[in-house]
Amino acid sequence: MSGADDFGAGEPPLIALRGIRKRYGGNDGAPAIEVLRGVDLEIRAGEFVAIVGASGSGKSTLMNMLGCLDRPSEGGYRFAGKDVAGMDADELAWLRREAFGFVFQGYHLIATESARENVEVPALYAGMPAAERHARAVMLLERLGLGDRLDNRPSQMSGGQQQRVSIARALMNGGRIILADEPTGALDSKSGAEVMTLLGELADAGHTIILITHDRKVAAQARRVIEVSDGQVVADSGADAPAVARGALPPLDLSRAKYDSGASLWSELADAARAAWRVLWINRFRTGLTLLGIVIGVASVIVMLAIGLGTRQQVMAQLGAFGSNLLYMSSRGESSRIPGRSITLGDLEALADVPGVAHVLPNVTGNKVIRHGNIDVQTYVRGTGAELPRIQTWPVARGGFFTAEDEHDMATVAVLGSRLAEKLMPDVANPVGQTILIGNVPFQVLGVMSAKGALTGEQDQDDVLLLPFSTAGIRVFGQREPTYTVLAAADVSRVAEVEQAIDEVLFERHRIRDYGIGNAAAAIAAEARTQDNMTMMLSLIAAVSLVVGGIGVMNVMLMTVRERTREIGIRMATGARRRDILRQFLTEAVLVSVVGGVAGIVAGVVLAGLLLVWEVPVIFSLSAIAGAFGCAVITGLVFGFMPARKASGLDPVVALMGQ
Ligand code: ADP
Ligand code: MG
């Protein structure tokens, strides 16, 4: 077996192989086949070597070994004196990127990118700034006679042209060692001759050329010919003339053999996004179908939330019309065992002084028969305060409302609810100024309230007669104490505090909770909770469709990885690290989701806009839109991760040879 000592002393050769063996299979019961059976080989910088042998003799396997695309099963490989076996995946990627340039029989260009972009790929992973990268790619392509083909895709070029593009790519990062595996194999004789001339010129310029061929005539054009048969070196024409004489390229600084991509994260991301966009655009139909899931997900989140919010606000507004700053106080005890006791006017005076109480509106109520002309109507009579229209935001429609003075004077004046006005005076054009009778007391009608249109329980709030509190108490009901009292808090947000303060004052005075306090805000809050639950449920449904969209992204990414295995291999051969591949495919997944998210936002806003036209209450919330978009992107990231990791985990040789 070979050891480090076998490599000998003195100036180390650029490449030194000792006892290299490569076996395939043998782990699933099938017999292992040994493709390389102890290869010893030394190649010095600046040599132009041809490795020749019959098909199946192991030449390509040897080349993969030399180019650090594959590791030997056994044996030692020293690159410029450094043991390659001790390098990790990133260091090997660095070596491929800085030292080698590959030229393959099948060209191995990336089908979705132009000639210039293909040539730029190795520099991408070397972190060369974009402007420098473009300029160098153009320069190389022009030097190889492809100045007019910069923007052509591989499919738009002949075989010879494609092979020249791949040579330009091999030179992009310097190409100290060009590894060419049957570079003329797929070409007509003229293009083949051109490629060979090119390789000869590069050898003269100081590049180390390792040419692999089955054709002895082609091999003869190299300065050194090594013959391989059945996995062993069987002949070697001997080392080439000293490389230094022809001015070999400066040696590689192996102490820098760690991956340092000089480009900023942003420019790398921009490059990845640009490449991703290209791929998605080429597969736009398939991408579009995948996107549909995300689009529907995002759009439905937006629409559902907009409807939820809109309905919520509408309900709140309706409830707010009852007055969310109002408290209702009745003489109903806290439990049925405590008899209710009247709230006295003295209580009310005390309550008027509670901080935060803006108004105290005592009411005395009961049902009475009202007469006008020969029409009798039984209605709900409410003796109340002059501030009622303002406190309950219930404006007068016609005429006016009674004043504090009327109340003080116990004036026999009345205001009709709109429904009562219809019932009592169906034929009267203007009820204002008419006289009605309660029992035998005549009242003058001052005005008619606007329609509230709301019901409390079974009762129509517009079927009501409003009188001054004092008049109603003494002249109609014969009682001085209020039936119930409305208290208005000065600040809507402090209703609960005011309620507590009122309770304290009353409890102090009564020593027992023989009264009840309720507030509209509590009812509103309860309603809001119901609405929020609805919104939550709708959002959940929408979120499910986002997940479905994510699965679509994963599906299309898995397909992409399968289809582009060879591209992944090419990228790895030109120096991409695992994390570069991971980033590229993640970028694609995220880009799909971003595009889907944006389309979803547009669709959602348009849809909700249409609903608005149909008078469905909708309210857009920026946070809902941002949230839906964010979820879409995260979905893409999460569901794209698995395929991306699968891609980055591929073995360079396997990927390169894969379909
Ligand atoms: P050449 O390039 O000289 O034609 P290769 O190096 O491609 O020869 O292949 C040498 C032998 O190794 C062939 O018999 C081939 O079938 C076998 N071989 C190459 N790669 C693999 C692999 N991944 N698994 C199993 N056998 C392989
Ligand atoms: Mg081969």
Side-chain angles (χ1 to χ4, degrees), residues 15 17-41 43 49-75 77 84 89 92 96 100-109 159 162-163 166-167 170 177-187 192 195-196 199 209-222 224-237 562 565-570 572-573 646-647 649-659:
I15 285 172
L17 301 183
R18 283 287 179 279
I20 292 287
R21 288 171 184 274
K22 181 69 181 178
R23 280 181 290 271
Y24 288 115
N27 34 17
D28 49 0
I33 44 163
E34 197 166 51
V35 178
L36 295 180
R37 303 190 297 147
V39 174
D40 294 334
L41 192 62
I43 295 170
V49 188
I51 297 176
V52 69
S55 174
S57 55
K59 304 184 297 296
S60 294
T61 308
L62 181 58
M63 187 195 89
N64 293 338
M65 227 49 82
L66 290 171
C68 299
L69 287 169
D70 205 355
R71 290 180 188 266
S73 311
E74 233 175 79
Y77 179 3
V84 170
L92 289 177
R96 288 196 291 268
F100 295 103
F102 295 90
V103 178
F104 300 96
Q105 175 172 0
Y107 327 128
H108 283 2
L109 298 177
Q162 289 185 62
Q163 195 59 298
S166 85
I167 291 172
I177 306 164
I178 305 275
L179 281 165
D181 189 359
E182 309 270 9
T184 60
L187 301 179
V195 165
M196 284 310 297
L199 290 177
I209 311 285
I210 302 174
L211 166 72
I212 284 166
T213 180
H214 65 276
D215 187 337
R216 289 183 179 281
K217 285 206 288 290
V218 171
Q221 296 174 54
R224 174 183 174 191
V225 180
I226 296 170
E227 194 172 333
V228 176
S229 176
D230 214 6
Q232 282 179 313
V233 173
V234 292
D236 187 343
S237 71
R562 251 241 308 270
T565 307
R566 176 156 300 164
E567 177 191 323
I568 294 164
I570 295 167
M572 286 179 159
K646 191 177 155 182
L650 286 172
D651 193 40
V653 198
V654 174
L656 207 50
M657 301 307 150
Q659 282 310 308

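When a ligand or atom number is given, it counts from 1 through the structure's own listing order.
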Undergrad: Need the ligand 1 atom indices (1-based, order shown) with element for anything under 4.0 Å from a heavy-atom of S55.
TA: 4 (O)

Undergrad: Just need the protein heavy atom nearest to atom 12 (O) of ligand 1, so name the residue and atom and give the distance.
TA: V35 CG2, 3.1 Å

Undergrad: Can you see which heavy atom on Q105 is nearest to which on A186, and at what distance?
TA: O-CB, 3.8 Å

Undergrad: For the residue pair Y107 and S166, what are the closest heavy atoms and their distance?
TA: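 In terms of heavy atoms, the two residues are closest at O-CB, 3.7 Å.
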
Undergrad: On a heavy-atom basis, which atom in S237 and which in R224 lie closest, and how many Å separate them?
TA: OG-CA, 3.3 Å

Undergrad: Quick check on contacts: which atoms of ligand 1 are under 4.0 angstrom from a heavy atom of I33?
TA: 26 (N)

Undergrad: Are M65 and L17 close enough that some pair of their side-chain heavy atoms sits under 4.5 Å apart?
TA: no

Undergrad: Let me know which of I212, L41, I51 forms a side chain to side chain contact (heavy atoms under 4.5 Å, CB included) with V228.
TA: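 It is I51, the one option of I212, L41, I51 that forms the side chain to side chain contact (heavy atoms under 4.5 Å, CB included) with V228.
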
Undergrad: Taking atom 9 (O) of ligand 1 as the point of reference, which of T61, D70, V228, D181 owns the nearest heavy atom?
TA: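 Selected option, by shortest heavy-atom distance: T61.
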
Undergrad: Do me a favour and list the nearest non-hydrogen protein atom to atom 4 (O) of ligand 1 with residue, atom name and distance?
TA: G56 N, 2.7 Å

Undergrad: Where the side chain of R96 meets the backbone of C68, is there a donor-acceptor pair that is under 3.5 Å apart?
TA: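 Yes; judged by distance alone, with no hydrogens or angles, the pair exists.
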
Undergrad: Below 30° counts as parallel, above 60° as perpendicular, anything between as tilted: where do the rings of H108 and F104 land?
TA: tilted

Undergrad: Would you say atom 16 (O) of ligand 1 has a protein heavy atom nearer than 4.0 Å?
TA: no

Undergrad: Enumerate the protein N/O/S atoms at a distance below 2.8 Å from the Mg ion (ligand 2), ignoring waters.
TA: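 N, O, S partners closer than 2.8 Å: S60 OG.
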
Undergrad: Using side-chain contact (heavy atoms from CB on, under 4.5 Å), reason through D215 and T184 one step at a time and then give a plain yes or no.
TA: CA-CA 10 Å; D215 187 337; T184 60; over 6 Å; no

Undergrad: Write out the residue and atom name of the closest protein heavy atom to atom 26 (N) of ligand 1, then the distance separating them to 0.1 Å.
TA: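 Here the closest protein heavy atom is Y24 CD1, 3.4 Å.
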
Undergrad: Starting from atom 2 (O) of ligand 1, find the nearest protein heavy-atom neighbour and note its residue, name and distance.
TA: S60 OG, 2.7 Å

Undergrad: In the structure I gave you, are the side-chain heavy atoms of T61 and Y24 within less than 4.5 Å of one another anywhere?
TA: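 Contact flag for T61/Y24 side chains = yes.
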
Undergrad: Tell me, which protein residue and heavy-atom name are nearest atom 8 (O) of ligand 1, and how many Å apart are they?
TA: G58 N, 3.3 Å

Undergrad: Say whether A54 and ligand 1 are in contact under the criterion: heavy-atom distance to a ligand atom below 4.0 Å.
TA: yes

Undergrad: Would you call S57 a ligand 1 contact, heavy-atom distance under 4.0 Å?
TA: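 Right, S57 reaches ligand 1.
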
Undergrad: What verdict does the side-chain contact (heavy atoms from CB on, under 4.5 Å) test give for K22 and E34, after you've listed the backbone C-alpha separation in whole Å, the side-chain angles of each residue and the deciding distance to 0.1 Å?
TA: CA-CA 6 Å; K22 181 69 181 178; E34 197 166 51; over 6 Å; no

Undergrad: Quickly, which of I167, L656, I177, L179 forms a side chain to side chain contact (heavy atoms under 4.5 Å, CB included) with F102? Name it, please.
TA: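 Checked I167, L656, I177, L179 against F102; only one passes side chain to side chain contact (heavy atoms under 4.5 Å, CB included): L179.
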
